[in-house]
Amino acid sequence: EGHVGTEIKVDGKKRINLCANNYLGTSQQKKVIKAAQKSLKEYSLGLNSVRFIVGTTDLHKKLEAAISKFFGTEDTILYTSCFDANTGLFEVLLGEGDAIFSDELNHASIIDGVRLCKAERFRYTHSDMAVLEKQLTGASKARRRLVVTDGVFSMDGEIAKLDEIKTLCDKYDAVFVVDDSHGTGVLGKTGRGSIEEKGVLGKVDIITSTFGKALGGAGGGFTTGKKEVIDLLRQKSRTYLFSNSLMPAIAGAALYVIEHFDKEFLPMKKKLTENTIYFRTKLEKLGYTLGGGNSPFPKGSTRVGEGEGFYHPITPIMIFDEVKTMALADELLKEGLYVRGFAYPVVPKGKGRIRVQISAAHTKKQLDKAIEALERAGRKLGIIK
């Protein structure tokens with residue numbers, strides 16, 4: 001009810017919002033909102049058309065150019081969501097006689113996009129490079145091979161082995177596609193995402209991502225890469241051709257964030273890191289089992305990602321029991337926290353969790369209140385001792 005930020009009103013009561021993708025707090029930034037309002041006033045609510053008819057403005061072109069500059073790519077195409085970017089990609093690039101390789105934990109939009117193309121499909125065991133290489137070897141006679149992965153797996157906050165995948169793509173002449181929706185703006189020294197964090201910035205063939213998380217928060221998505229690929233998508237990608245243009249207000253806000261990212265928003269990553277470290281450390285001391293990451297932060301780290309020791313601000317509180325997961329979410333709502341329980345079929349059976357997402361906009365007072373609530377609720381339900 002009403003304004004959405006680090007606090008929201010639910011059933012007439014204020015709750016701390018701990019499950020939004022608002023990693024850098026951009027959606028509450030006054031300058032971002034002002035940019036959206038300016039675009040709304042100049043370009044109207046919407047264009048009543050798809051891009052190739054009368055739905056392209058100079059604002060859309062400026063945004064596409066800004067994204068290309070941000071990632072160092074040749075060209076970019078906008079979509080109304082990253083879901084549309086993914087579902088509109090593979091059918092254009094692949095057909096009979098081709099092969100596509102997808103991590104088993106990839107986002108639903110990638111899964112749906114893969115289903116739409118006529119290439120032979122391979123699903124490799126999560127982050128298992130031996131299985132992926134075996135599948136690539138077995139598809140050596142395919143006309144074209146394409147490997148696709150999430151940059152950050154959204155249920156776990158885990159970064160994909162992008163450097164190792166890139167090595168395999170080079171070895172077996174495969175196109176490399178990364179959906180970096182949860183990495184863009186969050187990971188990497190300059191915030192260019194998991195592809196920067198893993199040392200493959202400028203080496204990935206196609207990147208898809210969103211404006212709905214660190215780059216504004218309202219929605220919208222894009223695909224960026226080689227000009228020839230983007231030209232082909234403009235002619236044949238059905239989710240681009242037959243969807244109304246991205247709302248000008250969203251485009252204007254996203255453009256502001258990207259153009260001012262290095263100066264205004266990149267510094268916020270330090271606060272995001274501090275909040276993430278603080279929250280995780282406190283919960284682990286309480287006895288909660290947390291997912292995400294693969295080793296503790298190095299001392300003095302000022303980055304969310306730090307070599308092989310990292311944690312993403314996605315913080316899965318692993319409960320494992322589905323009933324207790326949902327009971328904890330309900331109890332936390334009573335305590336003034338808004339979180340959601342994730343159970344089968346959203347996650348595998350026996351992997352129930354509360355997925356908390358930390359923001360640079362969260363105050364220490366809010367985090368302390370959340371930690372205290374998690375302690376009371378966890379003890380009440382017998383999840384922690």
Side-chain angles (χ1 to χ4, degrees), residues 4 8 10 15-23 80-87 90 102-116 121 123-128 148-160 178-184 186 194 208-210 212-214 217 219 221 276 279-280 283 288-294 311-335 337-359 370 373-374 377-378 381 383:
V4 175
I8 55 177
V10 180
R15 327 274 182 170
I16 297 172
N17 183 4
L18 280 176
C19 54
N21 300 310
N22 191 22
Y23 299 123
T80 55
S81 67
C82 189
F83 201 108
D84 278 353
N86 287 334
T87 53
F90 308 112
S102 177
D103 190 291
E104 66 177 348
L105 294 188
N106 276 343
H107 191 266
S109 58
I110 294 176
I111 294 170
D112 284 358
V114 169
R115 287 172 176 164
L116 289 171
R121 306 167 197 166
R123 188 175 68 166
Y124 61 90
T125 308
H126 176 55
S127 288
D128 193 323
V148 58
T149 182
D150 282 352
V152 177
F153 295 95
S154 61
M155 284 296 124
D156 298 284
E158 176 194 354
I159 303 176
V178 177
D179 173 352
D180 210 15
S181 293
H182 286 275
T184 303
V186 178
S194 64
T208 65
S209 193
T210 181
K213 297 177 173 58
T276 302
F279 188 78
R280 289 189 66 104
L283 287 194
Y288 277 106
T289 299
L290 305 181
N294 61 358
Y311 285 123
H312 189 276
I314 291 173
T315 306
I317 303 173
M318 303 303 298
I319 310 302
F320 303 107
D321 180 280
E322 277 78 10
V323 175
K324 283 188 177 181
T325 295
M326 308 316 286
L328 180 59
D330 290 342
E331 194 65 30
L332 290 173
L333 185 66
K334 298 175 186 176
E335 290 275 358
L337 303 188
Y338 189 84
V339 295
R340 302 296 290 183
F342 289 83
Y344 180 82
V346 179
V347 295
K349 288 183 178 179
K351 297 290 185 179
R353 70 197 66 182
I354 301 291
R355 185 184 68 170
V356 170
Q357 285 155 286
I358 303 299
S359 170
L374 277 157
L381 295 172
I383 296 170

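Expressed to the nearest 0.5 Å, how far OG of Ser154 lies from CZ of Phe342 amounts to 8.0 Å. To the nearest 0.5 angstrom, Asp150 atom CG is 8.5 Å from Thr208 atom OG1. Remark: Glu158 CD to Ser194 OG distance equals 11.5 Å, nearest 0.5 Å. If you take CZ on Arg121 and CZ on Phe90, they are separated by 12.0 Å, rounding to the nearest 0.5 Å. Atom CD1 of Ile383 is separated from atom CG of Leu381 by 5.0 Å, given to the nearest 0.5 angstrom.
Here the closest non-hydrogen pair linking Ala370 and Leu18 is CB-CD1, 3.6 Å. The two residues Ala373 and Glu335 come nearest to each other via the heavy atoms CB-CB, 3.7 Å. When every heavy atom of Met326 is checked against every heavy atom of Ala343, the shortest pair comes out as SD-CB, 4.4 Å. Nearest heavy-atom pair across Gly212 and Thr210 is N-OG1, 2.8 Å.
With sequence neighbours excluded, the residues satisfying side-chain hydrogen bond (donor to acceptor under 3.5 Å, both in side chains) with Ser102 are Asn106. Residues passing the salt bridge (charged side-chain N to carboxylate O under 4.0 Å, His left out) test with Asp321, sequence neighbours excluded: none. Glu322 pairs by the salt bridge (charged side-chain N to carboxylate O under 4.0 Å, His left out) definition with nothing, not counting sequence neighbours. Residues forming a side-chain hydrogen bond (donor to acceptor under 3.5 Å, both in side chains) with Asn21 (at least two apart in sequence, or on another chain): Gln357. Residues satisfying the side-chain contact (heavy atoms from CB on, under 4.5 Å) test with Ser109, not counting sequence neighbours, are Phe83, Asn86, His107, Asp179. Under the rule for a side-chain hydrogen bond (donor to acceptor under 3.5 Å, both in side chains), Asp128 has no partner lying at least two apart in sequence or in another chain. Residues meeting the salt bridge (charged side-chain N to carboxylate O under 4.0 Å, His left out) test with Arg123, sequence neighbours left out: none. Thr315 pairs by the side-chain contact (heavy atoms from CB on, under 4.5 Å) definition with Phe279, Arg280, Leu290, Val356, Ile358, not counting sequence neighbours. Applying the ring-ring contact (aromatic ring centres under 6.0 Å, His included) test to Tyr288 and every residue at least two apart in sequence or in another chain returns nothing. Every residue two or more places apart in sequence or in another chain that forms a side-chain contact (heavy atoms from CB on, under 4.5 Å) with Ala377 is listed here: Leu328, Glu331, Leu332. Take Thr325 and apply the side-chain contact (heavy atoms from CB on, under 4.5 Å) test, not counting sequence neighbours, and it matches Ile319, Ile354.
Judged by distance alone, the side chains of Ser209 and Thr184 do bring a donor and an acceptor atom under 3.5 Å apart. Counting only N and O atoms by type, the side chains of Thr87 and Asp112 include no donor and acceptor under 3.5 Å apart.
A 6.0 Å sphere centred on CZ of Phe320 holds more than 12 heavy atoms belonging to other residues, nucleotides or ligands. Heavy atoms of other residues, nucleotides or ligands lying less than 6.0 angstrom from CZ of Arg15 number more than 12.
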Quiz item: Would His312 and Ile159 count as a side-chain contact (heavy atoms from CB on, under 4.5 Å) if you check the C-alpha gap in whole Å, the side-chain angles of each, and the deciding distance to 0.1 Å?
Solution: CA-CA 8 Å; His312 189 276; Ile159 303 176; 5.6 Å; no
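In this structure, Leu374 and Ile317 have side chains that are in contact, with non-hydrogen atoms separated by less than 4.5 Å. Counting heavy atoms from C-beta on, the side chains of Val347 and Met155 come closer than 4.5 Å. The shortest distance between side-chain heavy atoms of Thr125 and Glu104 falls below 4.5 Å. Here the side chains of Leu333 and Tyr338 are in contact, with some heavy-atom distance below 4.5 Å. Taking the side chain as every heavy atom from C-beta outward, Ser359 and Tyr23 never approach each other to under 4.5 Å.
Residue pairs that meet the salt bridge (charged side-chain N to carboxylate O under 4.0 Å, His left out) test with at least one member in residues 346-358, sequence neighbours left out, are Asp156-Arg353.
Considering Ile111, Ile110, Leu116 as possible partners of Val114, the one that fulfils the side-chain contact (heavy atoms from CB on, under 4.5 Å) test is Ile110.
Between Phe153 and His126, a ring centre-to-centre spacing shorter than 6.0 Å is recorded.
No donor-acceptor pair closer than 3.5 Å links the side chain of Asp103 to the backbone N or O of Thr149.
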